[in-house]
Protein chains: 2
Amino acid sequence: MRTWLSVLFAALIPLGLLASNFHGQARSPALANSQPGLRGTGDLGVIIERASGSVQIIETTGQSSLARIKGLGDLSHASVVFSRDQRFAYVFGRDGGLSKIDLLQQTLAKRIIQAGNSIGGAISDDGKLIAVSNYKPGGVKIFNADTLVLIATIEATYGDQGELSKTVGLVDAPGGRFLFTLYEAGEIWMVDCADCAQGAKPRLTKFKNIGLQPYDALISGDGRYYIAGLFGEDGMALIDLWAQKPAVTRILDGYGRGQKKLPVYKMPHLEGWAKADNHYFLPAVGHHEVLVVDAKTFKQSGSIKVHGQPIFVMARPDGRQIWINFAHPRNDTLQVIDVKTKQIIKQFTPGKAILHMEFTPRGEQVWVSVRDENRIDVYDTRTLKKITSLPANAPSGIFFTWRAGRIGL
Amino acid sequence: MRTWLSVLFAALIPLGLLASNFHGQARSPALANSQPGLRGTGDLGVIIERASGSVQIIETTGQSSLARIKGLGDLSHASVVFSRDQRFAYVFGRDGGLSKIDLLQQTLAKRIIQAGNSIGGAISDDGKLIAVSNYKPGGVKIFNADTLVLIATIEATYGDQGELSKTVGLVDAPGGRFLFTLYEAGEIWMVDCADCAQGAKPRLTKFKNIGLQPYDALISGDGRYYIAGLFGEDGMALIDLWAQKPAVTRILDGYGRGQKKLPVYKMPHLEGWAKADNHYFLPAVGHHEVLVVDAKTFKQSGSIKVHGQPIFVMARPDGRQIWINFAHPRNDTLQVIDVKTKQIIKQFTPGKAILHMEFTPRGEQVWVSVRDENRIDVYDTRTLKKITSLPANAPSGIFFTWRAGRIGL
């Protein structure tokens, strides 16, 4: 699971770098839970209601809300992965809480507090392991996905004093592996945990001196490239996991925050890299631009002027459109780029604090959270018209069950 | 839905071109249906049992069989698509039967005979429409996916006499569209049916003179390129659906059957195009080779010698491995290519008549049907070891529910 908003809320709040205001109004629209029971799970999803420590379970066929699950603790940042059968959602909360929600019974099936301060998680490709990335104590814990029983603890030690580093950018990779970055240590660690469910110890590979303060990372959709963003310097760290002997190379020099040309209201999250038409489209840091990068060479080939500092730059699953939201104070606007022409073809102003977007797996709908309006808007991506809206308490992240079948999500 | 085996069994049998023997033994292993009920549907699938007109419902988490559904008519070729909630499987049979299976209740929810001879189908991106490609009468019928009520009939007329062409290569495309080819007419038709569920008529775009006898087609995973194979001449017909004014261009001259250099035991199906590492890997026709084609230019850049005439050349979802089965008489063997090195890293001989393969969505397992052994084998793609086997009646196609969330599947 890419740590997405987790980075915005967890990497930056504790680091004191956050400029915008995150206090959502916690009005509580009434929501009668639907009858739980027999139904398919391919069209389900969850919406984080950050101010009230709850999530809504929704379905995208009729675009309706099915239930609200409360008692999930501090969701001021939160991210979600799904079990391989798509029945259970695992919610990673800020307070170190790991909650397992049964989407069919509409219950909190299990909840543990596994650390003091956590930042996101991932599920192994075989669905047997849940890994969680922690700030306090710094490291990664690995759990049995069924029982949430602890299987392994990986302490993110570095230096001579046995210090523990915050860990971020945790993702799954094919072959039962996980990767994450160590913020203070400036390292990337790969964990081979293919047999951990059968009692084997995790096998670690450490990549050192990758650059200063890796604050987030992503893995390409094919699980081949792991790319870490650096807060402390320009450029990014890339590992080609297909290499005979994987090693770190530096890409996109000049990308990042190092030169501080503009005030940066939020560091854009790296999940907001869209791949389309053999290029990556990614948010420029501090500039009102989307950068276009050749997906083969990782060199910049162009840029597109946009409304504000982009946060998420997300491709519709077919790669034809890119939807963008922006940092405060321009966070009331969405723009849509046509990938073929690289033109902005539509602009919306749904309201204040547009925090996240999620496409249905074949891309005909996109769901948008408008936190300060306590609303989710659903758009038809063909007509570019709004289909419906749903009330939600200060909604932030939106996660659909199709992620269960994707690498790195 | 790409028509995959449908092409082998339906395009070639009636055309009298089929050399191998398709008479499976219809031994019937006992199978006690499991208790139907509440469960996630993300790890479900169906296996076609061609000789007995039945399908098995299986699950990939514990690798077990859950139920057998009988009474599906002639499945001597058959293909399957899934509802967007992944609860229902739509089975397209040879006899024109369209069957809707409830994977949770383990029942045949509905069955209609919609034509005299049919060849495959597709589901629209919004999940509202089922389209079926028919030989007799030649054309495409479109149904309400919930009720199987007929919504539209598209007669594949051509020439001056009002003849009807067989239709093949039917796929869905983004924006509520379908595409298919007309075998006798040498045409490709695109159907815009975005509003058909609300009563609008299908809008047709016809591409004429695309080449002789288009016998199958595929759409790229992003829904951008539609590519038809030509039985009557070399080369293939390509449409870029992103073009301002889409038109047919010819690619891969020299590819196809035109020169008849070797006896062709089966025309390879076009779903057997693997995309990995910026290349397509595709079965050479009549040669013991896999061709490597640049995914941007559609020009051949190399080839890989393999065990026999390849039928399916399928990429593991991360694109790192390619698994290949072969035409009669070499159809007892599987080979695995490492995409990075382009070397064959493993060969298996599971038994006679290996007909199909299906990966789990994140690629850690592959399921293989071994028709004449009445067996399904499941492999771990990391260790390249067999995990388990399941009995099945002359199994052919294997289809997992993750297809619901993919374009063109």
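Since the structure is predicted, the reported quantities are computational estimates derived from the model, not experimental observations. All chains are named by letter (A, B, ...) in the order of the sequence lines, taking the proteins before the strands, and each is independently numbered beginning at 1.
Between chain A and the residues B:Asp126, B:Leu44, B:Thr61, the largest count of heavy-atom pairs under 4.5 Å involves B:Thr61. The candidate from A:Asp102, A:Thr381, A:Val339, A:Asp222 with the greatest count of non-hydrogen atom pairs under 4.5 Å with chain B is A:Asp222. Counting heavy-atom pairs closer than 4.5 Å to chain B, the top residue among A:Arg382, A:Glu364, A:Gln86, A:Arg406 is A:Arg406. Of the residues considered (B:Ala295, B:Gly223, B:Gly175), B:Gly175 shows the highest number of contacts with chain A, using heavy-atom pairs under 4.5 Å. Your options are B:Asp277, B:Leu103, B:Thr341, and the one with the most heavy-atom pairs under 4.5 Å with chain A is B:Asp277.
One finds no salt bridge joining B:Lys299 and B:Asp294 here, because no Lys/Arg side-chain nitrogen approaches an Asp/Glu carboxylate oxygen to under 4.0 Å. Between B:Arg362 and A:Asp172, at least one side-chain N (NZ, or NE/NH1/NH2) sits under 4.0 Å from a carboxylate O, which counts as a salt bridge.
Looking at B:Thr388, its side chain never comes within 3.5 Å of a backbone N or O of B:Val378 through a donor-acceptor pair. A donor-acceptor pair under 3.5 Å is absent between the side-chain atoms of A:Gln56 and the main chain of A:Ile47, judged by distance alone. Checked by atom type and distance alone, the side chain of A:Tyr90 pairs as donor or acceptor with a backbone atom of A:Ala145 at under 3.5 Å.
In this structure, B:Trp323 has its ring center closer than 6.0 angstrom to the ring center of B:Tyr379. Remark: aromatic rings of A:Phe400 and A:Phe82 are distant, center separation not under 6.0 Å.
Contacts of A:Ala276 with chain B are absent, with no heavy-atom separation under 4.5 Å from either backbone or side chain. Neither the backbone nor the side chain of A:Trp402 comes within less than 4.5 Å of any heavy atom in chain B. Within the 4.5 angstrom heavy-atom criterion, only side-chain atoms of B:Asn278, from C-beta onward, approach chain A. Proximity to chain A (any heavy atom under 4.5 Å) is shown, for B:Ala194, by both the backbone and the side chain. For a residue to count as touching a neighbouring chain, one of its non-hydrogen atoms must lie under 4.5 Å from one of that chain's; by this rule A:Arg224 touches chain B with the side chain only. Looking at A:Lys128, neither its backbone nor its side chain comes within 4.5 Å of chain B, counting heavy atoms on both sides. Both the backbone and the side chain of A:Thr60 have a heavy atom closer than 4.5 Å to some heavy atom of chain B. Of the two parts of A:Gln365, only the side chain, counted from C-beta on, holds a non-hydrogen atom closer than 4.5 Å to a non-hydrogen atom of chain B.
A donor-acceptor pair shorter than 3.5 Å cannot be found between the side chains of B:Thr41 and B:Arg87.
Listed by chain and residue number, nothing satisfies the salt bridge (charged side-chain N to carboxylate O under 4.0 Å, His left out) test with A:Lys340 (two or more places apart in sequence, or in another chain).
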